[in-house]
Asker: 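To start, I am sharing the structure in question, which I have written as structure tokens.
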Number of protein chains: 2
Amino acid sequence: MQEHYPHPEMAEVQLPEVLHALSDPLRLRIVAALAAGEERGWGDFEAPVAPSTLSHHMKVLRQAGLVTHRREGTRCIVALRPEMEARFPGLLAAVLRLAPGQSAA
Amino acid sequence: MQEHYPHPEMAEVQLPEVLHALSDPLRLRIVAALAAGEERGWGDFEAPVAPSTLSHHMKVLRQAGLVTHRREGTRCIVALRPEMEARFPGLLAAVLRLAPGQSAA
DNA sequence: GGCGTTGTTCGACGACTATCGAATGACCAT
DNA sequence: ATGGTCATTCGATAGTCGTCGAACAACGCC
């Protein structure tokens with residue numbers, strides 16, 4: 001499996017799952033950074049954790065329907081899933097407006 | 001102490017903590033019910049859990065700054081904390097609009 | 001082809017969480 | 001005072017979560 005990862009159907013994503021995914025400070029920071037800039041590679045998040053841990057968090061975000069992964073050569077590009085807005089209108093906007101650290105809009 | 005419980009200062013409540021409190025289906029249901037009606041007693045939530053478990057969840061919600069407890073005779077009255085709106089504007093509204101089960105507004 | 005870079009998976013471990021039952025405490029009514 | 005009702009606390013338990021290091025796989029480059 002090199003080109004796309006198991007992304008869940010939006011319809012199957014439940015609200016508590018999304019909230020749980022956002023309830024970790026690191027994951028919240030990642031999503032905030034993603035919303036601020038465009039899509040980004042792995043190391044762009046200055047995550048103070050081991051690569052394996054970061055990978056784990058990405059998986060959680062992916063399974064919660066928040067982000068997509070795409071491979072670009074050796075590196076992974078992550079981006080927010082636009083369908084999130086259709087599934088849970090206003091949610092992400094409301095959370096991110098309150099999340100610290102998306103200084104550069 | 002019998003009449004008021006340890007409620008945290010709103011300024012000390014962090015966003016991930018609130019999201020985590022809301023990320024449990026039962027707690028989300030409780031908050032939704034609370035937002036729909038006014039304040040309510042314990043048994044009004046048809047919680048399919050033991051009283052001790054319910055009490056635990058209430059504590060989590062209280063510590064996240066989401067609800068207040070008040071004793072009214074032998075029973076406990078719970079209500080949403082209005083200051084939540086000031087601390088995290090729009091958050092609760094956004095989440096509750098999406099939460100299942102606040103049918104009767 | 002071989003090597004370094006980059007992300008993933010696996011196994012492990014400690015911390016936290018949700019759940020319960022039983023015991024305790026507060027209050028009201030009798 | 002006695003008993004009943006309601007919530008809290010305690011101790012226990014099973015499950016999940018975040019974290020790590022090590023091993024692995026994919027890709028581009030030399």
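Everything numeric in this text was worked out from a predicted model, so none of it was measured. In what follows, chains are A, B, ... by sequence order, proteins preceding strands, each numbered from 1.
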Asker: Between dT9(D) and His56(B), is there an OP1 or OP2 to side-chain N/O distance shorter than 4.0 Å?
Answerer: no

Asker: I need the CZ-P distance between Arg71(A) and dT6(C), as an integer number of Å.
Answerer: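 Atom CZ in Arg71(A) sits about 12 Å away from atom P in dT6(C).
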
Asker: Between the protein and nucleotides 20-24 of chain D, list every N/O to N/O distance that falls short of 3.5 Å.
Answerer:
unit_1, atom_1, unit_2, atom_2, d
dC20(D), OP2, Ala50(A), N, 2.8
dC20(D), OP2, Thr53(A), OG1, 3.0
dG21(D), N7, Ser52(A), OG, 3.3
dG21(D), O6, Ser52(A), OG, 3.1

Asker: For Ala93(A), enumerate each residue passing the side chain to side chain contact (heavy atoms under 4.5 Å, CB included) test, keeping only those at least two apart in sequence or located in another chain.
Answerer: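 Partners of Ala93(A) by the side chain to side chain contact (heavy atoms under 4.5 Å, CB included) criterion come out as none, since no residue qualifies.
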
Asker: Looking only at side-chain atoms of Arg62(A), point me to the closest of dT8(C), dA7(D), dT8(D).
Answerer: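 Minimum distance to the Arg62(A) side chain belongs to dT8(C).
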
Asker: Would you indicate which nucleotide in dC6(D), dT9(D), dA18(C) comes nearest to any side-chain atom of Lys59(B)?
Answerer: dT9(D)

Asker: Taking atom P of dA18(C) as reference, at what distance in whole Å does atom CG of Leu22(B) sit?
Answerer: 12 Å

Asker: Could you state whether Leu28(A) and Val60(A) fall into the same hydrophobic cluster, counting links through intermediate Ile, Leu, Val, Met, Phe, Trp or Tyr residues with side-chain heavy atoms under 4.5 angstrom apart?
Answerer: no

Asker: Could you tell me the separation between the CD1 atom of Ile77(A) and the P atom of dA26(D), rounded to a whole number of Å?
Answerer: 19 Å

Asker: Taking Leu15(A) as the starting point, is it possible to reach Val31(A) by hopping between hydrophobic residues whose side chains are less than 4.5 Å apart?
Answerer: yes

Asker: How about Leu98(B) and Pro89(A): do any of their side-chain heavy atoms sit closer than 4.5 Å?
Answerer: yes

Asker: Between dT8(D) atom C1' and His69(B) atom NE2, what is the distance in whole Å?
Answerer: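 Atom NE2 in His69(B) sits about 11 Å away from atom C1' in dT8(D).
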
Asker: Taking the side chain as everything from C-beta on, heavy atoms only, tell me whether Lys59(B) gets closer than 4.5 Å to His69(B).
Answerer: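 No - every pair of side-chain heavy atoms lies 4.5 Å or more apart.
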
Asker: Quick one: side chain to side chain contact (heavy atoms under 4.5 Å, CB included) partners of Val13(A), sequence neighbours excluded?
Answerer: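 With sequence neighbours excluded, Val13(A) shows a side chain to side chain contact (heavy atoms under 4.5 Å, CB included) to Pro8(A), Met10(A), Glu17(A), Val18(A), Phe88(A), given in chain and number order.
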
Asker: Classify His57(B) by what it touches in the nucleic acid, base, sugar-phosphate, or nothing, heavy-atom distance under 4.0 Å.
Answerer: sugar-phosphate

Asker: Could you check whether Glu72(B) pairs with Arg70(B) (Lys NZ or Arg NE/NH1/NH2 to Asp/Glu carboxylate O, under 4.0 Å)?
Answerer: yes

Asker: Starting from C1' on dG7(C), measure out to CD1 on Ile30(A) and report it in whole angstrom.
Answerer: 14 Å

Asker: Can you see if the side chain of His20(A) gets near the phosphate of dT16(D) - specifically, an N or O under 4.0 Å from OP1 or OP2?
Answerer: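 False: His20(A) side-chain N/O out of range (4.0 Å or more) of dT16(D) OP1/OP2.
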
Asker: Can you check the Arg70(A) CZ to dT6(C) C1' distance for me, whole Å?
Answerer: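 Computing the Arg70(A):CZ to dT6(C):C1' distance gives 16 Å.
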
Asker: Taking atom C1' of dC16(C) as reference, at what distance in whole Å does atom CG of Asp24(B) sit?
Answerer: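 Atom-to-atom, Asp24(B) to dC16(C), this comes out as 14 Å.
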
Asker: Assuming nearest nucleotide by heavy-atom distance, tell me which of Thr74(B) and Arg27(A) is located more 5' along DNA chain D.
Answerer: Thr74(B)

Asker: Find the distance Met58(B):CE to dT9(D):P and express it as a whole number of Å.
Answerer: 14 Å

